[in-house]
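Position 1 is the first residue of the sequence; numbering continues from there.
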Amino acid sequence: MGILDKIAEIEREISRTQKNKATEYHLGLLKAKLAKYRHQLIDAPKSGGGGKGEGFDVMKSGDARVALIGFPSVGKSTLLSKLTTTRSETAAYEFTTLTCIPGVIEYKGASIQLLDLPGIIEGASQGKGRGRQVIAVARTADMVIMMLDAAKGERQKAQLESELESMGIRLNQRRPNIYYKPKKTGGVKFTAMVPLTKTDEKAVNLVLHEYRIFNAQIIFREDSSIDDFIDVVSGNRVYMPCLYVYNKIDQISLEEVDRIARSPNSVVISCEMSLNLDALLASMWEKLALISVYTKRSGRKPDLEEGIIMRKGCQVKHVCHSIHRELEDTFKYALVWGTSVKFSPQRVGINHHLHHDDVLQVVAK
């Protein structure tokens, strides 16, 4: 029996099993087996024709990478052509795009690489329609834009989320606050810093036994589920933000557009009529958590033409490293103008956190 058959059999058993107190340990064990087989499926060596494929190995460039994921003929190639100078082939039939086509969005001084990936079909995580190659490229992105047809968005959204989750991509989720460290001796040491309502020590030990792990230290710092713990043990999960973009809103009612637009992490657009594309770019900027920091030399005006693109929460030392790797060693102090300080200019240290549009002047030793 192959890996795909084993995965299908376990999924059938999980769907047949009722969820209650008596079956929670059995379900936890099944989920651990399922995660283990999916891990093997992701890391399986590619044979002759199953390699990455021509056109899928795109070099990462720019300040961030965004992957366009969606079913065939939802408007991914049209969106790429609208937002970038790249022209991706579009047509009225499905599977027009057969390889990964990159483009670059210039927005607020940042260069954002946008990848137009071929359309996904149901069963993509099991290799259908080059789906595993598409999802493997998506795993390397900083963010996913899920393109949906506004008329059938909810069904498409559920199917795509299921395919991506099967390949270890967690959308709009943060990494579970669970400390896990395998050891050579000492057995399993389990500690819960908060009351656990979704799992317990017995379920954790069953999962570890399935993975053949008999010595480890586990600390639950939050009330996490057994699924979260399996993700931590697997170690190959990717957590990334996702924006649900509903295209073709010109084909549905105004009430339906209003309902979709109020959903979390959602943007409504029409590529054909170029509607709401500016809101999409603004939402993308927010999701990527990008900021611009401007530099200033002593006695001169700040250079407000070209900012340094950083991530939210960045410190002065990160900006120093992006300017020159030796600047951090000669750093004495910095002067900052902007919203991150109480008054402008303010003298700060190397660990000071910067905000969007701050102006920075570094004083060396």
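No hydrogens or angles considered: nothing links the side chains of E328 and H318 as a donor-acceptor pair under 3.5 Å. Side-chain contact of T295 with D303: a donor-acceptor pair under 3.5 Å is absent, judged by distance alone. Residues S263 and Y246 bring no donor and acceptor atom of their side chains to less than 3.5 Å of each other. There is no side-chain donor-acceptor pair under 3.5 Å between S340 and H353. Side chains of K287 and N172: a donor on one and an acceptor on the other come within 3.5 Å. Using modelled atom types, one finds a donor on one side chain and an acceptor on the other under 3.5 Å when comparing D223 with T197. Judged by distance alone, the side chains of E106 and S111 do bring a donor and an acceptor atom under 3.5 Å apart.
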Test side chain to side chain donor-acceptor pair (under 3.5 Å) applied to T185 and N215, step by step
CA-CA 6 Å; T185 57; N215 302 286; 6.0 Å; no
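Taking the charged nitrogens against the carboxylate oxygens, K36 and E210 do have a contact shorter than 4.0 Å, which makes a salt bridge. By the 4.0 Å N-to-carboxylate-O rule, D231 lies too far from K31 to be salt-bridged with it. Taking a cutoff of 4.0 Å between a charged side-chain nitrogen and a carboxylate oxygen, E286 and K312 qualify as a salt bridge. Using a 4.0 Å cut-off between a side-chain N of Lys or Arg and a carboxylate O of Asp or Glu, R174 and E222 qualify as a salt bridge. We find that E256 and R259 are joined by a salt bridge, their nearest charged nitrogen and carboxylate oxygen being less than 4.0 Å apart. Looking at R65 and D142, no side-chain N of the basic residue comes within less than 4.0 Å of a carboxylate O on the acidic one, giving no salt bridge.
Within a 6.0 Å sphere centred on NZ of K152, other residues, nucleotides and ligands contribute 12 heavy atoms or fewer. By the neighbour-count criterion of 12 heavy atoms within 6.0 Å, atom NZ of K248 is densely surrounded, having more than that number from other residues, nucleotides or ligands. Atom CD of E272 sits in a sparse spot, with 12 or fewer heavy atoms from other residues, nucleotides or ligands closer than 6.0 Å.
For F220 and Y179, the ring centers sit 6.0 Å or farther from each other.
Residues I226 and L206 do not share a hydrophobic cluster, clusters being chains of Ile/Leu/Val/Met/Phe/Trp/Tyr side chains in contact below 4.5 Å. The hydrophobic clustering, which links ILVMFWY residues whose side-chain heavy atoms are closer than 4.5 Å, places L354 and W285 apart. The same ILVMFWY cluster, assembled from side-chain heavy atoms under 4.5 Å apart, contains both L83 and I112. A single hydrophobic cluster is not seen to contain both W337 and V293; linkage of ILVMFWY side chains at heavy-atom distances under 4.5 Å, directly or through other members, places them apart. Under the 4.5 Å side-chain contact rule for hydrophobic residues, Y107 and M284 share a cluster.
In this structure, K365 fails the cation-pi test against F331, since its NZ or CZ atom is not both closer than 6.0 Å to the six-membered ring centre and inside 45 degrees of the ring normal. R347 forms a cation-pi arrangement with Y333, by the criterion of a distance under 6.0 Å to the ring centre and an angle within 45° of the ring axis. A cation-pi arrangement is found for K157 relative to Y244, the charged atom lying closer than 6.0 Å to the ring centre and inside a 45° cone about the ring normal.
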